[in-house]
A.B. asks: 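Below are the C-alpha cells for one structure; questions will follow.
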There are 2 protein chains.
Amino acid sequence: MQISCIKMEGMSSDQSKEVAHTYRATQARTSIIAVLTEGNAPLSVGEILDVLKKRKSCPNKTTVYRQLATLIRRDMVKEVQFTEGAKRYEMADTGHHHHVVCTQCKRVEDVTVEGDLAAEEKMIAKTKKFKALRHSLEFYGLCPKCA
Amino acid sequence: MQISCIKMEGMSSDQSKEVAHTYRATQARTSIIAVLTEGNAPLSVGEILDVLKKRKSCPNKTTVYRQLATLIRRDMVKEVQFTEGAKRYEMADTGHHHHVVCTQCKRVEDVTVEGDLAAEEKMIAKTKKFKALRHSLEFYGLCPKCA
DNA sequence: TGACAAATGCAAATAAGTTGCATTAAGATG
DNA sequence: CATCTTAATGCAACTTATTTGCATTTGTCA
C-alpha cells in the first residue's frame, strides 16, 4: 500500500499563534497512518495498538494519542465517537460517509447516505441561530454475524 | 412538574433471563428523572450531580450511574455520546430528535430533522445486511453565544 | 410492624486519555 | 559522514469517567 503525505510541512492557516514547525516522517506516524488507511472502519487507540503489536515495532500508547492529535490538527485524521467507551479515528480523506455500529460486537463499518443533510444544516442555522459546520450520523443495530 | 411512572413494575420482554423484579420509587430515582425531564438537552452524570447538589439531597455518583443503567434498561432513558469525554442521558419519551453540539462551549440542544432517515435504515439493511435498529444524528458547530 | 430484596454509599478498582520530563532520532547542514 | 537542533518518543504518574464489592439502609408488602 502506498502512503502519501507522511511528511507534513509548514502550518495550516488556522494555527495563527504557532511558530512554523516541521513534521517528521517517523516510524510511529507511518505505521499509524498505514493501519488507519487499511481498514474501512474507524479504529480505537486500543485497536490500533493491537494491530501494531503484531508487527515489527509498536509505539507507546502516549505516542499514538499524540500522533492522532497532530494528524487531526493537520486535518488528515477525523475523530468519531459512538456510545461505547473509546473514541475512534479514521483517515479524513475517505470521502463523506457515515457509520453503522453493531450494538452487540461493537464492530463499526462505513456507509454512505443519500439524504441531503447539508440542507438540514442550513435550516438549523436559521431556526436555531446555530452555525452547523459538520454533522455525524450513525446507525445502530446488528451486523450480519450478530443478527 | 409532574413525574409519571416513577414506580416501575414487572420486566420488559427482552429481559428473558431475569427474575421478576419490583422497582421502587426512591428519592434518587425521582430526582434524577426530574432533572432529566426539566431540560431540553441531554445531561452528563457530572451535570446531573451539579444540579442535585443545589437541592435538598444529592445521591452518590454511583447511585446516579446505577439508576441511569436501570432507567435505560427500562427504556425510560436514552444514552448519547458526542466527541467529548462523558456520556449524556435524556428521557426517552421526548420524541425522536437529534442534537446540535457547540464545539466551543460543549452545550448541547435538541433539534428535529425533516429528512427520512427511516428509509435510509431500510436501505442499509438491504445493502449491508445490517439490521439497523435506531440512528443518531448530530450537528457540530457554534452556538449563538460562541459564534 | 417486620421481613426481604431493592437501592444506597463508600472505597477501591478499571479504563481512557493526559502530562512532565528525560531521552532518542529525523533531517538539515557543513 | 559527523554533528546539531528540535520533533518525536517512552515511561511513569495523574486525571477523569465509570464500575464493582460489600456492608448498610430503606421501600414495600404481607
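Fair warning: this is a prediction, and the values are worked out from it, not measured in the lab. Proteins come first, then strands; the chains are lettered A, B, ... in the order of their sequence lines, and each starts at number 1.
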A.B. asks: What is the distance, rounded to the nearest whole Å, between atom OH of B:Y23 and atom P of C:dT8?
C.D. replies: 13 Å
A.B. asks: If I take atom CD in residue A:E84 and atom P in nucleotide C:dG17, what distance separates them, rounded to the nearest angstrom?
C.D. replies: 10 Å
A.B. asks: Is B:N60 near enough to C:dC10 that one of its side-chain N or O atoms lies under 4.0 angstrom from OP1 or OP2?
C.D. replies: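 Yes.
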A.B. asks: Taking atom P of C:dA16 as reference, at what distance in whole Å does atom CD of A:E47 sit?
C.D. replies: 11 Å
A.B. asks: Which distance, rounded to the nearest 0.5 Å, do you find between the CG of A:L117 and the CG of A:L137?
C.D. replies: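 It is 6.0 Å, given to the nearest 0.5 Å.
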A.B. asks: If I take atom CD in residue A:Q67 and atom C1' in nucleotide D:dA7, what distance separates them, rounded to the nearest angstrom?
C.D. replies: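 Distance check: A:Q67 CD to D:dA7 C1' gives 10 Å.
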A.B. asks: Please compare B:K87 and B:Q27 by the position of their nearest nucleotide in DNA chain D and report the one closer to 5'.
C.D. replies: B:K87
A.B. asks: Return yes if the base of D:dT18 and the side-chain atoms of B:K61 contain a donor-acceptor N/O pair under 3.5 Å, otherwise no.
C.D. replies: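 By the distance-only test, yes, there is a pair.
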A.B. asks: Surrounding NZ of A:K131 (heavy atoms of other residues, nucleotides or ligands, distance under 6.0 Å), is the total greater than 12?
C.D. replies: no
A.B. asks: Side-chain N or O of B:Y65 versus OP1/OP2 of D:dT19: is the shortest distance under 4.0 Å?
C.D. replies: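 Answer is no, no contact under 4.0 Å.
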A.B. asks: Rounding to an integer number of Å, can you tell me how far A:Q81 CD sits from D:dT16 C1'?
C.D. replies: 13 Å
A.B. asks: Step by step, work out the salt bridge (Lys or Arg N to Asp or Glu O under 4.0 Å) result for B:E120 and B:K128.
C.D. replies: CA-CA 12 Å; B:E120 299 292 350; B:K128 277 266 177 184; over 6 Å; no
A.B. asks: Look at A:T63 and D:dG10 and indicate whether a side-chain polar atom (N or O) is within less than 4.0 Å of OP1 or OP2.
C.D. replies: yes
A.B. asks: Just the rounded figure in Å: distance from P of C:dG17 to CG of A:L49.
C.D. replies: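 Answer to the nearest Å: 11 Å.
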A.B. asks: With respect to the side chain of B:T62, which nucleotide from D:dC11, D:dA8, C:dA11 is positioned closest?
C.D. replies: C:dA11
A.B. asks: I need the CZ-C1' distance between A:R29 and D:dA8, as an integer number of Å.
C.D. replies: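 These atoms are roughly 9 Å apart.
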A.B. asks: With a 3.5 Å cut-off and just heavy-atom distances, do the side chain of A:R66 and the base of D:dG10 make a donor-acceptor pair?
C.D. replies: yes
A.B. asks: Check the distance between D:dT18's C1' and B:E79's CD and give it to me in whole angstrom.
C.D. replies: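 Checked: the CD to C1' distance equals 11 Å.
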A.B. asks: Below 4.0 angstrom from OP1 or OP2 of C:dT8, is there any side-chain N or O of B:T26?
C.D. replies: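 Answer is yes, contact under 4.0 Å.
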A.B. asks: Salt-bridged, B:R134 to B:E121, with N to O below 4.0 Å?
C.D. replies: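 Between B:E121 and B:R134 there is no salt bridge, as every charged N stays at least 4.0 Å from the carboxylate O atoms.
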A.B. asks: For A:P59 and for B:A86, locate the closest nucleotide of DNA chain D by heavy-atom distance; then report the residue assigned to the nucleotide nearer the 5' terminus.
C.D. replies: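 Nearest-nucleotide comparison on DNA chain D picks A:P59.
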A.B. asks: If you define the side chain from C-beta out and look only at heavy atoms, does anything of B:R55 sit under 4.5 Å from B:V35?
C.D. replies: yes
A.B. asks: Between the base of D:dA8 and the side chain of A:R24, is there any donor-acceptor pair under 3.5 Å?
C.D. replies: no
